[in-house]
S.K.: 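Here's a structure for you.
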Amino acid sequence: MEEEEAIRRSNALEKDDIEYLRDDILDEQYLFEGVKLTDAEEREMRYKKKIYELVKKRSEEDETQSEYRIPDAYDEEGHVNQEKRFAVSLQRYNLDSAGDKMNPFAEQEAWEEHQMGKASLKYGSKNKNQSNDYEYVFEDKIDFIRDSVIDGENLDELHSELPDKSKEKSALEMLQEERKTLPIYPYRDELLQAVNEYQVLVIVGETGSGKTTQIPQYLHEAGYTKQGKVGYSIRFEDCTSEKTILKYMTDGMLLREILSEPNLESYSVLMVDEAHERTLSTDILFGLLKDLIKFRSDLKLLISSATLDAEKFSDYFGSAPIFKIPGRRYPVEIHYTKAPEADYIDAAIVTVLQIHVTQSPGDILVFLTGQEEIETADEILKHRTRGLGSKIAELIICPIYANLPTELQAKIFEPTPEGARKVVLATNIAETSLTIDGIKYVIDPGFSKVKSYNPRTGMESLLVHPISKASAMQRAGRSGRTGPGKCFRLYTLHNYHKDMDDNTVPEIQRTNLANVVLILKSLGIDDLVNFDFIDPPPEEALLKALELLFALSALNKLGELTKVGRRMAEFPLDPMLSKMIVASDKDKCSDEIITIAAMLSVGNSIFYRPKDKQVHADNARMNFHLGNVGDHIALLRVYNSWRECNYSTQWCYENYIQVRSMKRARDIRDQLEGLLERVEIEVTSNLNDLDAIKKAITSGFFPHSAKLQKNGSYWTVKHPQRVHIHPSSGLAQVLPRWVVYHELVLTTKEYMRQVTELKPEWLVEIAPHYYQLKDVEDPISKKMPRGAGRAKE
DNA sequence: GAGCACTGC
C-alpha cells in the first residue's frame, strides 16, 4: 500500500525536485531530533524517504544513459569541459560518513564507499552537516581520485609502551619513563655505537621521533660531554654560561660562532638538525664542516634530515652511513584532482565546502601563497556560506600569515566548538613553522611564493611557483598529526610527477650572496668559486657579490679583506647596511644610523595598512614624511617617536605601526649598539644635521643611486636600467632629481623601495673609485641651475 | 598609485 502510494507520488515529481525533497527531509530530521513523533508524522517521513529514493534512482538511470558521465567531462588531453562538469555535478567522490541510522542516504553512501575503496575510519554522526548534501547546497564541485596512503608508523607499539601512571612516581621518574616511549628509544645503543664508529652520520628521522630531544641526551649519557651545563642561544637571548655542556642554537648562530672560534674546539659533537630545510646558513656550515672534520678527527658530526635528501648528504660527506629512525605518524590519504584546475583559489574554496558538507568532523588547513589570496578566499567563503543558515554547520574561518598582527593570529589556536568546523587559510607558515591541532584535512593547491634574485640587475622578486614534491609531502603530513588525515591536492597525479621538482631550490642558489661572501672571506676562504658547496650558487651571483664588496672597500684589489671589511663582518646585516654603520663614524651620527639600519632590516612590515582603513593609515604615515625628508629619515622619526612615547603599544595602534616589527627593530638596534663598541665606534647623535645622516646612508648605498628622467622614471647610474619610486615611498610624488635607494624589487614594475634624496657631488666625494664626474653631470641642471641636481664643478 | 612567502644573524 505505502509502496504504491510512494511510487504514485514520486511519479508526480520532476527529478529536479529531488533537491527540495532532500532539504525537506534533512530539515525535518534536524527539527525532530529527539522529539517523539505521532504515527502520522512518522509515516509521512517514511514516505518522503521512499519518494526520495525513487526519484534519485530515476535520475541516476537518466544520468547513466546521458552522454554526460564523469569520464566524458574531460577531453582526451585531460582538460576539463566546464559545461559537462556542471552537468555531472550530482556525481560525487568518496565519503566516509556512513553509520548514521537516521541517514536516508545510507544506501548510496555504502555504494560509493564500495566504489572508492574502504574508508580508513568511520564516524557516527548526529550532525546534519555530515550527510552528503553538498551538491544540494552548492552548485560546483571538484572530482578527486584517491591515489595513495602515506602509512602511519609505530603507533601500536607506542600505545602499548605508554608509561603506567597508576603508581606514584616522581616527576623525574615520569619523565624518564616517557623518554622510553619515543620511537628513537629502541635504537639508542645502536645509534651510540654508530656515532662511536663513524665520524659523520646522516640521521633520517620523521617528525616526532624524538631525535632532537633525545640524541643530545644519549650523547651526554655516553660521555661525550666531559665538562658540564645546559642552555640555549638565539639571537637576542644567550642562556649559556661557562658551565654549559649542551647547547641548542640556530644554524646562523653556529656560523657566527665559527667566526670567533674557527676550529670549534670547545665542541666534541655537532648535530645539524633539520638539514633538509637547506637554509643559507646550513649550506655554508656544510662547506665549512666538511673541511673542518679533516683537521679534527675527534669531532663527530651528525646531520639530521628528511628521507628524500639523506642520500645526497651522505654522498657529500664521503658516503657517510645513513641511520634511520621511524617517526610517529598517522596514515594520510592522498587525493588528486581528475583534471587540472585553472583557478586554484576557486578550486580550494569549492573543496573546502565539499569537505565541510560531506566529510566527518575535523578541521581543514588550506595552503595559499600570500596575504592577498588569503583575504580574497576569506571573503568568498564568507559570502558563499552566508544565508545558508542551518543548511550547513558553522564554518569558522581563520586566516594566518606572518604579517598578521599577533592578537589576530591567536584565533587559529582556539579550540573548535562542538558541531562547528574550523578552516585555516595559511601561507607556508603552516608548513614548518607552526603546528595547529585538530587538522584532519589539508587542501594543497601546489603553489607558494618563492624569492628569487637576478644577479645581473640586482633585482629581487617574489614569484608564485609550483612547490616541490618534498614540500607537498610536508603539507600532506600536516593532516596526520593527531589522527588519520586526508590531503586533497588540487593538481593531477600527472602534474605531480611531471611538473614538480623533487626538492625546493636551496636558498643559496636564489639569493644575494654579498653577506655569504663577506663571512667566507672573513674566515680566510679566498677561492670562493672552488669552495665545496653542496649545491654551488650561480657563479655570476658570486662575482656580483665580490664586485660589491670591492666597491664598498671591504675587499682590496687582491680580494683580501680590508680593515673596513673586518669591521663590517662583525655586523649581522647586509654589507651595505654594515658599511653605512661603519661610515657613520665619520659623520658623527652612528646613533641615528643604527636606528635606520635596524628599521630597514626589519623589512617592510613597519606600517600596518588594513584594507578598510587605508586612508587613515596613509595619513598617519605621511606625518613622518613632513618636509619630504625621504624614507630613511621617516623610519628614523617613527622609531624616535615611539621611543619618546616609552615604546608604547598604544602609540603604535594610533599611528598604524606594527608593534611586533617595532619591538624587533628595538632588539636589533640594541644588538647593533653593543657591536659598535666592539668595532670601536662611538655612539654619537647628530639628529639636526640631516645631510650628515644622508651622507652616511650614501656611504653604504652609493651603488644604489638613480637619476630622474623627463618622464618621471629613473635610471640607475652604474648598471643602467629603468626603475621607479615605489608608490609607498614618501617621495613618490616629489621625484627628486637624484636618489639613493635601499633595494630594487620587481613586482608589476621595477621599483626602488626606501628612497632618499641625494646630492650628486656626494657620490664623487664618497666613492671616487666608483663614480667619476661625468657620471653625475646633469644636463638638466644646466637649464635649471636652482635644481637639487646641480653637479659639482 | 602598489601589494610583502618564510626563516635567520
Side-chain angles (χ1 to χ4, degrees), chain A residues 233-238 249-260 274 277-285 367-376 400-404 426-434 447-452 460-465 467 471 474-475 504 506-508 510-511 514-516 518-519 522 568-575 577-578 597-598 601-611 614-615 617-618 621 658 661 664 667-668 671-672 674-675 712 724-733 735 743 745-754:
Chain A
S233 170
I234 54 174
R235 183 170 181 180
F236 303 117
E237 213 177 334
D238 188 349
M249 66 180 124
T250 60
D251 51 357
M253 267 294 190
L254 182 56
L255 195 54
R256 284 275 146 193
E257 275 201 17
I258 290 186
L259 282 175
S260 51
E274 312 285 359
E277 287 185 12
R278 299 294 304 275
T279 67
L280 202 52
S281 301
T282 293
D283 270 25
I284 300 166
L285 279 174
F367 284 98
L368 296 169
T369 68
Q371 180 176 349
E372 199 182 339
E373 269 181 29
I374 288 172
E375 283 169 359
T376 307
I400 176 97
Y401 43 89
N403 267 351
L404 192 73
T427 59
N428 257 5
I429 195 170
E431 196 175 301
T432 50
S433 308
L434 61 87
F447 292 95
S448 69
K449 277 188 187 170
V450 179
K451 192 175 83 176
S452 64
E460 281 187 346
S461 49
L462 210 50
L463 300 171
V464 175
H465 196 267
I467 59 170
S471 214
Q474 182 75 30
R475 289 180 173 190
T504 311
E507 193 183 1
I508 200 163
R510 49 185 171 83
T511 195
N515 207 18
V516 171
L518 185 62
I519 288 173
S522 53
M568 283 166 58
E570 291 287 333
F571 293 93
L573 299 169
D574 277 345
L577 289 169
S578 314
S601 57
V602 163
N604 19 319
S605 52
I606 300 277
F607 297 100
Y608 179 54
R609 198 166 182 260
K611 251 184 177 171
Q614 289 183 356
V615 180
D618 288 350
R621 196 179 52 188
Q658 297 251 32
S661 302
R664 188 170 164 78
D667 286 339
I668 296 174
Q671 187 190 19
L672 296 179
L675 290 168
H724 309 264
I725 295 185
H726 196 278
S728 67
S729 166
L731 296 179
Q733 322 296 327
L735 300 178
E743 61 182 353
V745 289
L746 177 65
T747 53
T748 51
K749 274 182 184 175
E750 296 83 0
Y751 283 112
M752 299 180 277
R753 231 164 19 192
Q754 315 294 13

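Just so you know, these numbers use all the heavy atoms, side chains as well, and skip hydrogens, waters and symmetry mates. These numbers were taken from a predicted model, which means no experiment stands behind them.
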S.K.: By ring pair (Phe, Tyr, Trp, His ring centres under 6.0 Å), which residues pair with Phe607(A), not counting sequence neighbours?
M.R.: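 If we apply the ring pair (Phe, Tyr, Trp, His ring centres under 6.0 Å) test to Phe607(A), skipping adjacent residues, there are no hits.
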S.K.: Can you name the salt bridge (Lys or Arg N to Asp or Glu O under 4.0 Å) partners of Glu743(A), sequence neighbours left out?
M.R.: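 Testing Glu743(A) for salt bridge (Lys or Arg N to Asp or Glu O under 4.0 Å), a comparison that skips the adjacent residues, returns Arg753(A).
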S.K.: Mind calculating the distance between NZ (Lys749(A)) and P (dC4(B)) to the nearest angstrom?
M.R.: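 Whole-Å distance recorded here is 15 Å.
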S.K.: I need the NZ-C1' distance between Lys451(A) and dG8(B), as an integer number of Å.
M.R.: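 The answer, rounded to whole Å, is 11 Å.
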S.K.: Checking contacts here: which listed nucleotide (dC4(B), dC9(B), dT7(B)) is nearest the side-chain heavy atoms of Ala402(A)?
M.R.: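 So the side chain of Ala402(A) is nearest to dT7(B).
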S.K.: What distance do Asn428(A) atom CG and Ser448(A) atom OG have between them, rounded to the nearest 0.5 Å?
M.R.: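 Here the interatomic distance stands at 4.5 Å.
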S.K.: For dC6(B), does either OP1 or OP2 sit under 4.0 Å from a side-chain N or O belonging to Thr432(A)?
M.R.: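 Indeed not, no polar side-chain atom of Thr432(A) lies that close.
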S.K.: Does Tyr751(A) reach a base, just sugar-phosphate, or nothing at all? Heavy atoms under 4.0 Å.
M.R.: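 Sugar-phosphate, backbone atoms only, no base.
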S.K.: Is Thr369(A) touching bases, backbone alone, or none of the nucleic acid, heavy atoms closer than 4.0 Å?
M.R.: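 Contact class for Thr369(A): sugar-phosphate only.
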S.K.: Specify the separation, in whole Å, of atom CG of Leu746(A) and atom C1' of dC4(B).
M.R.: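 The answer, rounded to whole Å, is 14 Å.
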S.K.: Rounded to the nearest 0.5 Å, what separates atom CD in Glu750(A) from atom OG in Ser461(A)?
M.R.: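 These two atoms lie 10.5 Å from each other.
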S.K.: Touch check for Ser281(A), heavy atoms < 4.0 angstrom, all strands: base, sugar-phosphate only, or nothing?
M.R.: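 The residue Ser281(A) makes no contact with any strand.
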S.K.: Of all the nucleotides listed (dA2(B), dC9(B), dT7(B)), which has the minimum atom distance to the side chain of Ile429(A)?
M.R.: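 Nearest listed nucleotide: dT7(B).
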S.K.: Out of curiosity, Ile725(A) CD1 to Gln733(A) CD, how far, rounded to the nearest 0.5 Å?
M.R.: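 One gets 9.5 Å once the value is rounded to the nearest 0.5 Å.
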S.K.: Look at the side-chain N and O atoms of Thr427(A) and state whether any lies under 4.0 Å from the OP1 or OP2 oxygen of dC6(B).
M.R.: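 For dC6(B), OP1/OP2 do have a side-chain N/O of Thr427(A) under 4.0 Å.
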S.K.: When only distance counts, do a donor and an acceptor, one from the side chain of Arg753(A) and one from the base of dA2(B), lie under 3.5 Å apart?
M.R.: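 No, the side chain and the base share no sub-3.5 Å donor-acceptor pair.
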S.K.: Taking the minimum atom-to-atom distance to the side chain of Pro727(A), which one of dG8(B), dA5(B), dG1(B) wins?
M.R.: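 Nucleotide nearest to Pro727(A)'s side chain: dG1(B).
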S.K.: Rounded off to whole Å, could you give me the CG-to-P distance for the Leu255(A) and dC9(B) pair?
M.R.: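 Nearest whole value for this atom pair: 11 Å.
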S.K.: Roughly, in whole Å, what's the span from CZ in Arg278(A) to P in dA5(B)?
M.R.: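 Taking CZ of Arg278(A) and P of dA5(B), I get 25 Å after rounding.
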S.K.: Given dC4(B), dA2(B), dG8(B), which nucleotide is nearest the side-chain atoms of Arg664(A)?
M.R.: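 Closest nucleotide to the Arg664(A) side chain: dG8(B).
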S.K.: Which nucleotide, dC6(B), dG1(B), dC4(B), lies nearest any side-chain atom of Lys449(A)?
M.R.: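 From the listed options, dC4(B) comes nearest.
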S.K.: Applying a 4.0 Å non-hydrogen cut-off, can you work out what Asn428(A) is touching in the nucleic acid: base, sugar-phosphate, or nothing?
M.R.: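 Touches nothing.
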S.K.: For Ile668(A) and dC9(B), what is the distance between atoms CD1 and P respectively, to the nearest whole Å?
M.R.: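 In whole Å, dC9(B) P lies 10 Å from Ile668(A) CD1.
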S.K.: Could you say whether Val745(A) or Arg621(A) is positioned toward the 5' end of DNA chain B, judged by the nucleotide with the nearest heavy atom to each?
M.R.: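 Checking each residue's closest nucleotide, the 5'-ward one belongs to Arg621(A).
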S.K.: Mind checking the CD1-CD1 spacing from Ile284(A) to Ile508(A)? Nearest 0.5 Å is all I need.
M.R.: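 So the CD1 of Ile284(A) and the CD1 of Ile508(A) are separated by 5.5 Å.
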S.K.: Round to the nearest Å and state the distance from Asp283(A) atom CG to dT7(B) atom P.
M.R.: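 So the CG-P distance, Asp283(A) to dT7(B), works out to 19 Å.
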S.K.: Quickly work out the Leu463(A) CG to dA5(B) P distance and round it to whole Å.
M.R.: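 After rounding, the reported distance stands at 12 Å.
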